[in-house]
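As structure tokens, the structure follows; a few thoughts come after it.
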Amino acid sequence: MSIDLTTEIKEILLEAIRKSKREGRLPLQDIPELLLVPPKNKVHGDLSTNIALQLSRQFKGKNPLEIAQIILDNLEIEDTMINKVDLVSPGFINLWVKEDWLYQNLREILKKGEEFGKLNIGKGKRIQVEFVSVNPTGPLHVGHGKCAAVGDALSNILKIAGYKVEKEYYINDQGRQMDLLGGSVQARYNQLLGESWNFPEDGYKGEYIKDIAQEIISEYQDKYQGKKDEETREFFKEIALQKILKGIEEDLKEFGVEFDVWFSERSLYQENKLQEAIELLKERDFLYQKDGALWVKTTAFGDEKDRVIVRENGMPTYFASDIIYHQNKYQRGFNQVIDIWGADHHGYIKRMKAAMQALGYPEDFLEVLIVQFVTLIKDGKEVGMSTRGGEFITLHDLVQEVGKDVARYFFLMRSYDSHTEFDLNVAKSQSMENPVYYIQYAYARICSIIKNAKTLNLPITDLEKVNLNLLDKEEEFELIKKLSLLKETIKSAAINWKPHLLTNYLYDLASLFHKYYTVYRIITDDLELTKARLLLIECVGLVLSNTLKILGISAPERM
RNA sequence: GCGCCUGUAGCUCAAUAGGAUAGAGCAACGGACUUCUAAUCCGUAGGUUGGGGGUUCGAUUCCCUUCGGGCGCGCCA
């Protein structure tokens with residue numbers, strides 16, 4: 001097991017700090033997490049830390065420069081990867097790294113291959129990510145696609161960061177909306193068979209309802225024509241649910257998203273879990289009766305008002321389902337669950353988090369991530385997305401139109417909490433405007449060069465026999481530094497739950513490669529140089545494909 | 001009215017956990033193909049980070065206030 005090189009340098013700095021503490025020159029309580037990052041400006045070195053500035057908080061009045069100087073006094077850089085150290089006002093410690101450190105990164109990447117990027121910051125902690133969870137009453141639209149992309153990518157990021165992750169879809173398969181769905185399909189079925197049949201008020205009017213009715217006709221002919229009994233209603237409800245769920249599952253699969261668990265709301269009520277939750281809440285004194293209904297005292301945990309869990313008529317509310325659903329999650333042993341919701345549900349967060357605390361779970365057991373809306377732009381104009389309007393665009397349509405890779409990238413390229421403006425014209429263009437192709441093209445170029453090298457019988461990735469010192473150009477150093485940053489980027493994406501850090505990283509890396517490619521040839525008359533450069537681009541290719549894989553975007557070998 | 005998200009270049013957005021001279025792409029203008037794929041590269045121009053206060057060595061980032069945009073405030077789901 002080789003040591004993480006950035007960690008190694010951090011350790012050297014920390015040792016200097018600990019030594020200063022032992023000597024009494026820095027009477028510290030605790031040492032904050034040491035951040036070691038490449039500065040924006042090259043004159044500030046290869047890596048930089050603000051630790052002295054951080055530490056100066058602990059003892060006011062002490063000049064950060066003095067603190068930095070004390071650390072430097074105790075810093076042993078002989079026989080390390082650090083080449084030079086500098087101290088700059090107001091207290092930054094800047095480090096220059098030996099070239100050998102950079103080369104060592106390449107060795108590590110090559111050795112680990114597809115494993116490069118894996119971390120262990122999760123330490124096996126179990127996290128559940130629940131996302132999409134759309135009511136099974138119609139097809140997924142593009143907004144759900146954004147949630148799906150974010151949830152799936154975040155799950156992959158957490159996995160590679162060392163968490164045990166489960167992806168779950170919650171199916172709201174009971175209640176009024178299911179009755180309406182069944183009723184709507186039943187009405188269309190009968191109408192298609194020539195019956196005069198009233199369409200339910202507030203029913204689902206989309207074309208897909210007619211499609212389902214048509215399917216039922218081909219499968220069952222007129223078997224249920226004109227029937228109005230309970231059994232028939234159940235039949236329509238059930239078959240509509242199954243068909244729509246199947247469609248949702250297919251659309252997601254086509255989008256590259258697969259769930260570990262499809263969890264049915266109905267199943268919650270088969271074990272009388274509601275009673276269990278109510279008992280617990282009562283015991284903990286967060287439950288009371290008022291106006292004939294049962295209320296949860298969510299205001300005790302910051303909610304604006306208390307919420308009804310069982311209605312006056314004895315029926316549990318949707319909130320009740322969600323409480324026992326999350327109780328179930330807790331009982332399944334997750335250390336933390338992340339719910340990903342659309343922006344229209346944000347008002348629900350407080351009461352859910354309050355309910356969790358009322359049940360006695362840790363405050364951060366449930367975290368909710370709110371994904372902002374998507375606006376589709378076509379020919380410079382906004383495309384309406386209401387279900388009622390005719391211009392409904394489904395996720396399926398979008399994937400057909402622009403492809404899975406482009407759709408996923410566009411949803412992930414911006415922070416999920418900013419509104420996505422999805423320009424269909426840009427997404428469809430196979431030009432430099434489209435960042436997906438820009439990145440994939442970098443990978444395809446690398447594959448193409450390696451293929452050429454093979455036809456020329458050039459030896460590839462013979463690590464021991466390559467003289468990496470020949471990689472001495474500025475562009476090469478920049479590339480290697482970027483490669484070595486992958487793990488830090490994944491770490492940051494995992495801790496902050498920000499998949500878009502990886503799309504940005506990919507773009508930067510691709511950009512550095514394209515620049516390098518333009519200035520230098522990989523395959524030259526100089527065999528030794530060629531070998532070294534081939535090794536470098538192989539590493540770039542590996543990192544590109546590893547990162548694309550995390551985001552669920554394919555890495556084509558030729559374009 | 002209250003709550004959540006948001007406001008950065010003409011447009012779409014970054015800015016890593018409060019760090020150093022706020023960066024990319026597009027659009028505009030000017031260049032580079034006898035080349036391992038030009039789906040590429042180089043250059044020019046573009047800013048009072050909506051406004052105003054505060055916190056500190058330092059604020060696009062945190063707090064208060066104000067203005068604009070989006071969304072939500074059911075014994076609906």
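Residue numbers begin at 1 in each chain, while the letters A, B, ... track the order of the sequences.
Distance A:Leu376 CG to B:U12 P: 15 Å, rounded to the nearest Å. Nucleotide B:A39 holds its P atom 19 Å from the CG atom of A:Asp405, rounded to whole Å.
When heavy atoms are screened at a 4.0 angstrom cut-off, A:Phe373 is found touching the sugar-phosphate backbone but no base atom. Within the nucleic acid shown, A:Tyr505 has no heavy atom closer than 4.0 Å to any nucleic acid atom. Among the heavy atoms of the strands lying under 4.0 Å from A:Pro38 is at least one base atom, whether or not backbone atoms are also near. In this structure, A:Asn94 reaches the bases: a heavy-atom distance under 4.0 Å links it to at least one base atom across the strands shown. Residue A:Ala444 is in base contact, counting any heavy-atom pair closer than 4.0 Å across all strands shown. A:Asn41 comes within 4.0 angstrom of a base, heavy atoms only. Using a 4.0 Å heavy-atom distance criterion, A:His345 is classed as a base contact. Within the 4.0 angstrom heavy-atom criterion, base atoms lie near A:Ile522. Among the protein residues, A:Arg558 comes within range of the nucleic acid bases, having at least one heavy atom under 4.0 Å from a base atom. Counting non-hydrogen atoms under 4.0 angstrom, A:Leu53 reaches a base of the nucleic acid. Within the 4.0 angstrom heavy-atom criterion, no nucleotide atom of any strand lies near A:Asp423. Residue contacts for A:Asp417: at a heavy-atom cut-off of 4.0 Å it reaches the sugar-phosphate backbone alone, with no base atom in range. Residue-level contact check: A:Ala343 touches the backbone only, with heavy atoms under 4.0 Å from sugar-phosphate atoms and none from bases. Contacts of A:Ser448 with the nucleic acid, taken as non-hydrogen atoms under 4.0 Å apart, include base atoms.
Proximity of A:Ser511 to the phosphate of B:G25: no side-chain N or O atom is located under 4.0 Å from OP1 or OP2. Regarding contacts with the backbone of B:U21, every side-chain N or O of A:Lys40 stays at 4.0 angstrom or more from both OP1 and OP2.
Under the 6.0 Å cut-off for aromatic ring centres, A:Phe513 and A:Tyr443 do not qualify, their centroids lying 6.0 Å or more apart.
Counting distance only, with no hydrogens placed and no angle test, the side-chain atoms of A:His514 and the base atoms of B:C41 include no donor-acceptor pair under 3.5 Å. Residue side chain A:Asp344 does not reach the base of B:G72 through any donor-acceptor N/O pair under 3.5 Å, judged by distance alone. Between the side chain of A:Ser48 and the base of B:A20, at least one donor-acceptor pair of N or O atoms lies under 3.5 Å.
When the C1' atom is compared between B:G50 and B:C67, the two are found 8 Å apart, to the nearest whole Å. Using C1' as the reference atom, B:G18 and B:C36 are 46 Å apart when rounded to the nearest Å. The same atom, P, is picked in B:G58 and in B:U12; the two are 34 Å apart, to the nearest Å. When the P atom is compared between B:G72 and B:U66, the two are found 24 Å apart, to the nearest whole Å. For B:C11 and B:U34, the C1' atoms lie 39 Å apart once the distance is rounded to whole Å. For the C1' atom pair drawn from B:C73 and B:A27, the interatomic distance equals 41 Å after rounding to whole Å. Across B:A28 and B:A20, the matching P atoms stand 33 Å from one another, rounded to whole Å. For the C1' atom pair drawn from B:A9 and B:C5, the interatomic distance equals 24 Å after rounding to whole Å.
Remark: side-chain polar atoms of A:Thr530 are paired, donor with acceptor, to backbone N or O of A:Asp526 under 3.5 angstrom. Between the side chain of A:Thr317 and the backbone N or O of A:Val308, at least one donor-acceptor pair lies under 3.5 Å. In this structure a side-chain-to-backbone donor-acceptor pair under 3.5 Å is missing from A:Ser492 to A:Thr489. In terms of modelled atom types and a separation under 3.5 Å, the side chain of A:Thr299 and the main chain of A:Glu304 share no donor-acceptor contact.
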Evaluate A:Glu557 against A:Lys451 for salt bridge (charged side-chain N to carboxylate O under 4.0 Å, His left out), listing each step before the verdict. CA-CA 10 Å; A:Glu557 293 185 10; A:Lys451 205 173 130 203; over 6 Å; no

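The base-pairing partner of B:U44, taking Watson-Crick or G-U wobble contacts with both distances under 3.5 Å, is B:A28. Shown here, B:G7 forms a base pair with B:C67; the pair counts as Watson-Crick or G-U wobble because both key distances fall under 3.5 Å.
A stacking contact links A:His44 to B:A20: the aromatic ring centre lies within less than 5.5 Å of the base's six-membered ring centre, and the planes differ by less than 30°. Per the stacking criterion (ring centres < 5.5 Å, plane angle < 30°), A:Phe92 stacks onto the base of B:A20.
Distance from the side chain of A:Tyr507 is smallest to B:A24 among B:C13, B:A24, B:A77.
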